[in-house]
Trainee: 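Dropping the structure in here first, questions after.
This chain uses plain numbering: 1 for the first residue, then up along the sequence. All ligand and atom numbering here is 1-based and tracks the order in the structure. Computed from a predicted model, the values in this text were never measured in an experiment.
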Amino acid sequence: MNKTIAVIRGDGIGPEIVGEAIGVLDAVAAKFGHTFTYREAPMGGNAIDAFGVPLPESSLKTCLESDSVLLGAVGGPKWDAQPPANRPERGLLQLRSAMGLYTNVRPARMFADLSAACPLRTDIAARGIDFVVVRELIGGVYFGDHSTATVDGEQKATDIMSYSEHEIRRVAHVAFQMARKRRRRVTSVDKANVLDTSRLWRRVVTEVAAEYPDVELLHMYVDNAAMQIVRDPSQFDVIVTENLFGDILSDEASQITGSIGMIPSSSMGQGTRGLYEPIHGSAPDIAGQDKANPIGTILAAAMMLRYSFDMAAEADAVEAAVDAALKAGCRCGDILLGGGTAIGCREMGCQIRSRI
Ligand code: NAD
């Protein structure tokens, strides 16, 4: 297969971690007989320096014309004084909106060899953690009207939360399709005992479920879901939820698996093109020192193979290579538990590549 990948290296550790992810993709291409063509798309602080804006037109065009987008991270102290409309992160928001990315997918998966980094009780961690949070990304209270007014001599603030059926339906389809590639169980999280938006959410998700009779659907209130994620995460396969609940639950889910440097994320819209990135930022404190852990970005590349290119065997190979490198004792500084010597970003990339 031939695929074109837009590459946003970004700022800070971005170029280092993306370089290693590309090395792994090249190893996959060589082993499985694919051709990946990379097209550079500058975005973030470096784009402000070179073009005066965080997302140049040419970069946006490259992303929209590619089969998928791989991103490192953007931002850093050098650009903190930029006006809000021209900050590096603004480029990311513009890109998400222009690509119509209405779903964010964040896996919570614990690596057996890093179980010591799991903050949960040993018997709970032993049952395993392997689920994904599918979050609606461009609706709900974050995108409703916000206002603050003086009423009866005091300040009153209001945020409007609204959802339309089509906004719920499209993200529900993503969740059910994802469940079909996993263990076929969807847990829809809402607050239907209190909120109208949640009652609509529950009705529409239930309707969509009828199109996926091979996938089990459960409903759970968000307060219970927050509790169940730490009580017994092994019960979850795919969690689907609205924007605000998903923001909170996906952070909770990623923290129970260990280091921030290990976790990938994807944002998707209509069709198969997605934006794949690690969940962390540009880590300016370790940039340019060969200390960054590239695994989050490498696993983001694996998600791209699985979900955008429908290359399950190739994605499995990348995930297995990461597992094998960890089993062999390879550790960057952020996942070095209880002593030993840390390896650098380049060496970690090399160790994973050699196991594809
Ligand atoms: P951060 O995630 O960059 O760093 C937090 C801590 O985690 C730091 O100590 C860092 O060294 C460490 N860390 C992060 N990724 C690591 C990795 N792969 N390996 C080893 N250690 C790692 O968060 P921050 O410091 O709050 O933000 C730095 C910059 O990144 C800011 O400008 C912020 O706006 C930006 N940011 C960008 C994105 C994005 O591009 N999607 C997301 C979050 C933050």
Trainee: Looking at Asp251 and Arg106, is any side-chain nitrogen of the basic one under 4.0 Å from a carboxylate oxygen of the acidic one?
Mentor: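 Looking at Arg106 and Asp251, the cut-off is met.
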Trainee: How about NZ on Lys291, more than 12 heavy atoms from neighbouring residues, nucleotides or ligands closer than 6.0 Å, or not?
Mentor: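 It does not: Lys291 NZ has 12 such atoms or fewer within range.
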Trainee: Can you name the residues that come within less than 4.0 Å of ligand 1, going by heavy atoms only?
Mentor: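 Ile13, Ala73, Val74, Gly75, Gly76, Glu89, Leu92, Ile260, Gly261, Glu277, His280, Gly281, Ser282, Ala283, Pro284, Asp285, Ile286, Ala292, Asn293, Asp334.
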Trainee: Side-chain atoms of residues 341-348: list all donor-acceptor pairs with protein atoms under 3.5 Å, sequence neighbours left out, distances to 0.1 Å.
Mentor:
residue, atom, partner, partner atom, Å
Glu347, OE2, Gln351, NE2, 2.6

Trainee: For Asp145, I'd like to know if atom CG has over 12 heavy atoms of other residues, nucleotides or ligands within 6.0 Å.
Mentor: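 At most 12 heavy atoms, drawn from other residues, nucleotides or ligands, come within 6.0 Å of this atom.
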Trainee: Suppose we screen for side-chain contact (heavy atoms from CB on, under 4.5 Å). Which residues come up paired with Ser164, at least two apart in sequence or across chains?
Mentor: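 Expected list: His166, Glu167.
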Trainee: Less than 3.5 Å apart, which donor and acceptor atoms pair up between the side chains of residues 292-303 and the rest of the protein, not counting sequence neighbours?
Mentor:
residue, atom, partner, partner atom, Å
Asn293, OD1, Ile295, N, 3.0
Asn293, ND2, Asp334, OD1, 3.3
Asn293, ND2, Asp334, OD2, 3.2

